[in-house]
Amino acid sequence: MKKSIFLILVLIICLNIKAQEVKTVSRDWTSFRQQLDIVSGKEKKFKVVASVKVETEDESAWAGVWARVDNKDSENGFFDNMRDRPIKSNVWKKYTIEGSFDSNAKQLNFGGICSSNGKFYFDNFKLFLENDKGDYAVVEIDNSSFEKEVIDGVIPRWSQGISKGEIVKVKEFKIKSNTDSVEGRLSIMIEGSGIKPNITTIGAEGASPQIGAMISMLEDLKSRVERQVMNMSQYEIDYLHDKKANRIGALIMHLAAAEAYYQVFTFQGRSFNEEEKKKWSMALNLGEDARKKFKNHDVQYYLDIYNEVRAKTIEELKKRNDKWFEEIQPSYGLSNHYCWFHVMEHQSSHLGQILFLQKRIPKEPKLSVPQKKMD
């Protein structure tokens, strides 16, 4: 189509992949995208259409076409990834996402997403934008049918991930070109493997009902903390937001220390002894000493400590029953049930703090090596 149709709407496909940061993570889903910069004087509609099929025996597996509008000043715009209508058919079909953006829009992102174990096929992406006459016009997409072959997991003219400036490669997924296509010679096939199903239930095997419910909730919150921090770099885990903040590594230690305290308080009816105070007090109280001490360890160092404490919690809770849960600790007038509820909500509170801090971590400064002057 002619460029003259777009007098107000300016679209630039962002293809400078080499300048983007590459990050490798571990999780149960992956995605790919193209991105367009948008300048529009009024509201415009758009459609993203693609052919998709899924081959899997994993009931939790699904695929989708997705689109997101990023507005100015980091405000949220339109978003849809088909999660409420997941693609699971093993037959090629066309799927459409319809959305809109207005004068506040900054960028349009679109692509494919898939989750869990299986083979996910994508082909023949099309983008349509409303023109000034109110009609949909086709916008050319480079490598829309993936005829340029995937090399080492890189889809030419597309980026992995969902965010500008960052390519996210997910360990559990392999991307290849495939001859099973609906347009041209090739499609892309993304294969997920080794992914454990994420089944969300309340209760734990081998525990009484109330204790089992508490164990499952403790574990759910702990897994959320782990998912947020497990791929963080040393720079990120040690980043200090301000002089009164805590490093994320220290916050994980704090969660472990608080849980260790409630272990001795509820299982043994006492406070920390001198040896335990020496081990846990700094992490429990945080402050300036903790800011100095809890750094220069990778995230797995903190998670290993957290995991060790949690394993003991589960072991000890399973030795007890719901009647024990309702017993009162006389020193504070708290039931054992309330104490472990507090451990659970304590995790939730600091998870929020971790999320707050993560969003405020600036990019790691690059060290420049001064060049030696030549005589």
Side-chain angles (χ1 to χ4, degrees), residues 200-230 237 246-287 289-295 297-355:
T200 305
T201 60
I202 297 296
E205 187 177 349
S208 60
Q210 290 291 334
I211 286 181
M214 181 60 68
I215 289 172
S216 65
M217 290 187 281
L218 286 167
E219 285 288 85
D220 180 78
L221 280 165
K222 178 172 170 289
S223 69
R224 296 185 192 204
V225 172
E226 290 175 323
R227 286 198 300 270
Q228 288 300 319
V229 304
M230 65 187 299
I237 210 74
N246 295 291
R247 305 178 200 278
I248 289 176
L251 290 174
I252 302 170
M253 281 295 298
H254 178 65
L255 291 175
E259 188 163 330
Y261 177 81
Y262 277 94
Q263 286 176 355
V264 300
F265 182 67
T266 60
F267 300 148
Q268 301 177 40
R270 63 176 178 84
S271 297
F272 280 151
N273 59 33
E274 290 305 313
E275 183 180 350
E276 290 160 343
K277 285 180 182 178
K278 185 176 180 180
K279 180 177 180 180
W280 294 114
S281 287
M282 189 179 296
L284 189 61
N285 297 321
L286 294 174
D289 289 340
R291 281 188 279 274
K292 293 176 181 177
K293 179 176 176 61
F294 297 120
K295 59 182 180 179
H297 296 291
D298 63 22
V299 69
Q300 196 58 49
Y301 169 85
Y302 301 108
L303 291 178
D304 286 346
I305 294 170
Y306 196 13
N307 287 332
E308 184 179 353
V309 171
R310 176 54 56 82
K312 184 176 180 180
T313 294
I314 294 173
E315 179 186 2
E316 292 296 329
L317 282 176
K318 285 186 175 181
K319 293 177 181 177
R320 291 157 174 83
N321 56 28
D322 290 355
K323 186 176 180 181
W324 174 85
F325 233 8
E326 301 312 316
E327 290 179 8
I328 303 297
Q329 291 292 335
S331 56
Y332 285 97
L334 305 175
S335 71
N336 291 322
H337 197 165
Y338 183 86
C339 290
W340 285 99
F341 161 75
H342 174 64
V343 175
M344 182 186 71
E345 61 88 16
H346 183 250
Q347 289 181 121
S348 177
S349 174
H350 285 295
L351 172 59
Q353 191 175 3
I354 288 169
L355 293 170

Colleague: How would you list, by chain and number, every residue that makes a side-chain hydrogen bond (donor to acceptor under 3.5 Å, both in side chains) with E205, sequence neighbours excluded?
Modeller: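 Per chain and number, E205 pairs via side-chain hydrogen bond (donor to acceptor under 3.5 Å, both in side chains) with no residue.
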Colleague: To the nearest 0.5 Å, tell me how far M217 CE sits from S348 OG.
Modeller: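 Rounded to the nearest 0.5 Å, the CE-OG separation comes to 12.0 Å.
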Colleague: Identify the heavy atoms of A283 and A257 that sit nearest to each other, and give their distance.
Modeller: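 Shortest heavy-atom separation between A283 and A257 comes out as CB-CB, 3.8 Å.
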Colleague: Mind listing the closest non-hydrogen atom pair of E276 and S271 along with its distance?
Modeller: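 Closest pair (atom of E276, atom of S271, distance): OE1-O, 4.2 Å.
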Colleague: Strictly distance-based, threshold 3.5 Å: is any side-chain N or O of R247 a donor or acceptor partner for the main-chain N or O of R291?
Modeller: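 Yes.
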Colleague: Is the distance between the ring centroids of W280 and Y262 under 6.0 Å?
Modeller: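 No, they do not, as the ring centres are separated by 6.0 Å or more.
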Colleague: Sequence neighbours excluded, which residues qualify as salt bridge (charged side-chain N to carboxylate O under 4.0 Å, His left out) partners of E219?
Modeller: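 Testing E219 for salt bridge (charged side-chain N to carboxylate O under 4.0 Å, His left out), a comparison that skips the adjacent residues, returns R310.
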Colleague: Walk me through it: do E316 and K319 pass the test salt bridge (charged side-chain N to carboxylate O under 4.0 Å, His left out)?
Modeller: CA-CA 5 Å; E316 292 296 329; K319 293 177 181 177; 3.1 Å; yes
Colleague: If you round to the nearest 0.5 Å, how far is CD1 of I237 from NE2 of H297?
Modeller: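 With rounding to 0.5 Å, NE2 (H297) is 12.0 Å from CD1 (I237).
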Colleague: Does any non-hydrogen side-chain atom of V299 lie less than 4.5 Å from one of I252?
Modeller: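 In contact.
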Colleague: I'd like to know if the side chain of D220 reaches the main chain of S216, judged simply by a donor and an acceptor atom lying under 3.5 Å from each other, with no hydrogens or angles considered.
Modeller: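 No, because the side chain of D220 does not come within donor-acceptor range (under 3.5 Å) of the backbone of S216.
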Colleague: Tell me, please, which residues at least two apart from E275 pass salt bridge (charged side-chain N to carboxylate O under 4.0 Å, His left out).
Modeller: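 Partners of E275 by the salt bridge (charged side-chain N to carboxylate O under 4.0 Å, His left out) criterion come out as none, since no residue qualifies.
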Colleague: Check whether any side-chain heavy atom of V229 sits under 4.5 Å from a side-chain heavy atom of Y302, and report yes or no.
Modeller: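 No - every pair of side-chain heavy atoms lies 4.5 Å or more apart.
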Colleague: Quick one: list whatever passes side-chain hydrogen bond (donor to acceptor under 3.5 Å, both in side chains) with D304, sequence neighbours left out.
Modeller: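 Partners of D304 under the side-chain hydrogen bond (donor to acceptor under 3.5 Å, both in side chains) test: Q300.
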Colleague: For E226, give me all partners under salt bridge (charged side-chain N to carboxylate O under 4.0 Å, His left out), at least two apart in sequence or on another chain.
Modeller: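 E226 satisfies salt bridge (charged side-chain N to carboxylate O under 4.0 Å, His left out) with K222 once adjacent residues are dropped.
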Colleague: If I compare all heavy atoms of R227 with all of M230, which pair ends up nearest, and what's the gap?
Modeller: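 Heavy atoms of R227 and M230 come nearest at O-CG, 3.9 Å.
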Colleague: Is the shortest side-chain heavy-atom distance between L251 and L255 below 4.5 Å?
Modeller: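 A side-chain contact is absent here, since even the closest heavy-atom pair is not under 4.5 Å.
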Colleague: Any donor-acceptor pair under 3.5 Å linking the side chain of D289 with the backbone of K292?
Modeller: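 No, D289 side chain to K292 backbone: no donor-acceptor pair under 3.5 Å.
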Colleague: Heavy-atom count check: over 12 atoms from other residues, nucleotides or ligands less than 6.0 Å from F265 CZ?
Modeller: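 Correct, the count exceeds 12.
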Colleague: Distance only, no hydrogens: is a donor on one side chain within 3.5 Å (strictly under) of an acceptor on the other, for Q347 and H350?
Modeller: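 On atom types as modelled, these side chains do not qualify, holding no pair under 3.5 Å.
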Colleague: OG of S349 to NE2 of H342: how many Å apart, nearest 0.5 Å?
Modeller: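 Answer rounded to 0.5 Å: 9.0 Å.
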Colleague: With a 4.5 Å cut-off on side-chain heavy atoms, are L317 and W324 touching?
Modeller: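 Yes, side chains in contact.
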Colleague: What is the distance from atom CE of M214 to atom OG1 of T313, rounded to the nearest 0.5 Å?
Modeller: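 Reported to 0.5 Å precision, the distance equals 11.5 Å.
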Colleague: What is the minimum heavy-atom distance between Q263 and V309, and which atoms define it?
Modeller: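 That closest heavy-atom pairing would be NE2-O, 2.8 Å.
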Colleague: Would you say that more than 12 heavy atoms from the other residues, nucleotides or ligands in this model lie under 6.0 Å from the NZ of K318, or not?
Modeller: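 More than 12 heavy atoms, drawn from other residues, nucleotides or ligands, come within 6.0 Å of this atom.
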Colleague: On the 0 to 90° scale, with breaks at 30° and 60°, tag the F267-W340 ring pair as parallel, tilted or perpendicular.
Modeller: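 Rings of F267 and W340: parallel, under 30°.
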Colleague: Measure across D322 and I211 and return the closest heavy-atom pair with its distance rounded to 0.1 Å.
Modeller: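 In this case the closest contact between D322 and I211 is OD1-N, 3.3 Å.
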Colleague: Mind checking whether H337 and F325 have parallel, tilted or perpendicular rings, split at 30° and 60°?
Modeller: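 Geometry flag for F325 against H337: parallel rings.
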Colleague: Do H254 and N246 have side chains that get closer than 4.5 Å, going by heavy atoms?
Modeller: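 They are not in contact (no side-chain heavy atoms under 4.5 Å apart), so the answer is no.
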Colleague: Can you tell me how far apart CG (L351) and CZ (R224) are? Round to the nearest 0.5 Å.
Modeller: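 So the gap between those two atoms works out to 7.5 Å.
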Colleague: I need the minimum non-hydrogen distance between S335 and E326, along with the two atoms involved.
Modeller: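 Distance-wise, the nearest heavy atoms are CB-O, 4.1 Å.
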Colleague: Less than 3.5 Å apart, any donor N or O on the side chain of T266 or Q329 sitting next to an acceptor on the other?
Modeller: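 Side-chain D/A pair, T266 to Q329: absent.
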Colleague: Which residues pass the salt bridge (charged side-chain N to carboxylate O under 4.0 Å, His left out) test with K277, sequence neighbours left out?
Modeller: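 Partners of K277 under the salt bridge (charged side-chain N to carboxylate O under 4.0 Å, His left out) test: E274.
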